[in-house]
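Worksheet: the structure to be examined is printed underneath.
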Amino acid sequence: MKADPSGISGADLTGDQLEAVLGLLLYYVETGPDELSRQYREQVLGANPRDIRFAWAGGREANTAHYYRISTRDLLVEADNAVAADQHVHSVWRDLNNDLGHDLLLDHYALHGPGGWHLRRRLVSNRATEGAPLQASGWYVPEVYKQP
């Protein structure tokens, strides 16, 4: 991924698009402790647009599943909304020079599969209907999710 990043180069984005991508990247790095956030903020703001990549897969309409990745020479952010209606998002950000090089998102899907129970729960509601009675013994009572 670091050697051959995918996605559109920041140099090919309009000014507003690049600003949006950088803003999204900053949103992630600024969630850390102040000292780290400051360090990564400087990296993001100092990055050459040619070294920034943005990739998108999935729907572009509201309430559709999607995935995006933003990378610089040193940082990587991934977000995967595997379920429509933005009900279950996984995201990670990594320092590609200062971590174990572990792909957490791929590991998660390898362990749970693309339709793991934790995702299946997001496809059900806690309201019974005539065609889908309450069936769970725990706090979360399933009902097949029907998009309006």
Side-chain angles (χ1 to χ4, degrees), residues 1-127 136-148:
M1 199 173 316
K2 186 174 179 179
D4 189 22
S6 61
I8 188 170
S9 169
D12 295 329
L13 298 173
T14 67
D16 287 344
Q17 291 169 331
L18 181 59
E19 184 178 328
V21 168
L22 291 174
L24 188 54
L25 185 54
L26 287 171
Y27 175 82
Y28 284 90
V29 301
E30 290 176 344
T31 61
D34 290 342
E35 182 179 335
L36 288 175
S37 292
R38 239 185 332 272
Q39 171 190 337
Y40 289 116
R41 180 179 177 75
E42 289 174 15
Q43 280 184 5
V44 169
L45 295 177
N48 185 319
R50 287 186 303 256
D51 295 328
I52 297 168
R53 297 288 179 157
F54 178 77
W56 178 274
R60 295 190 310 176
E61 302 295 323
N63 297 322
T64 58
H66 59 272
Y67 165 90
Y68 63 84
R69 175 179 42 238
I70 304 169
S71 62
T72 69
R73 292 173 58 115
D74 304 310
L75 301 175
L76 171 69
V77 165
E78 290 182 291
D80 186 10
N81 174 37
V83 179
D86 295 324
Q87 294 180 347
H88 191 92
V89 177
H90 289 247
S91 64
V92 295
W93 74 269
R94 296 176 47 202
D95 178 336
L96 297 172
N97 298 313
N98 193 24
D99 72 6
L100 300 175
H102 205 66
D103 193 326
L104 297 173
L105 210 49
L106 280 179
D107 282 356
H108 176 77
Y109 288 123
L111 178 64
H112 297 288
W117 174 247
H118 75 293
L119 290 176
R120 187 189 165 318
R121 290 186 314 135
R122 298 300 182 164
L123 297 173
V124 296
S125 172
N126 64 354
R127 291 180 292 238
S137 59
W139 67 270
Y140 192 85
V141 184
E143 171 189 323
V144 176
Y145 175 76
K146 296 177 183 168
Q147 190 167 349

Is there a side-chain contact between Thr72 and Leu25, using heavy atoms and a 4.5 Å cut-off?
yes
Over all atoms of both residues, closest heavy-atom pair of His66 and Thr64:
ND1-O, 3.0 Å
Which atom of Arg73 lies closest to which atom of Asp51, heavy atoms considered
CD-OD2, 3.1 Å
State the CG-CD distance between Asp34 and Gln39, to the nearest 0.5 angstrom.
13.0 Å
Side-chain heavy atoms of Arg53 within contact of Ser9, under 4.5 Å
yes
Residues in side-chain contact (heavy atoms from CB on, under 4.5 Å) with Glu42, at least two apart?
none
For a 4.5 angstrom cut-off between non-hydrogen side-chain atoms, does Asp74 reach Leu96?
no
Please report the closest heavy-atom contact between Ala55 and Gly7, naming both atoms and the distance.
CB-CA, 3.8 Å
Can you give me every donor-acceptor pair (side chain of residues 14-21, partner residue at least two apart or in another chain, under 3.5 Å) with its distance?
residue : atom : partner : partner atom : Å
Thr14   : OG1  : Gln17   : N            : 3.1
Thr14   : OG1  : Gln17   : OE1          : 3.3
Gln17   : OE1  : Thr14   : N            : 2.8

Across all chains, not counting sequence neighbours, the side-chain contact (heavy atoms from CB on, under 4.5 Å) partners of Leu26 are Val29, Glu30, Arg41, Val44, Leu45
What orientation do Tyr28 and Tyr68 show, parallel under 30°, tilted 30 to 60°, or perpendicular over 60°?
perpendicular
Would you mind reporting whether Ile70 and Leu76 have side-chain heavy atoms less than 4.5 Å apart?
no
Are any non-hydrogen side-chain atoms of Val77 and Tyr27 less than 4.5 angstrom apart?
no
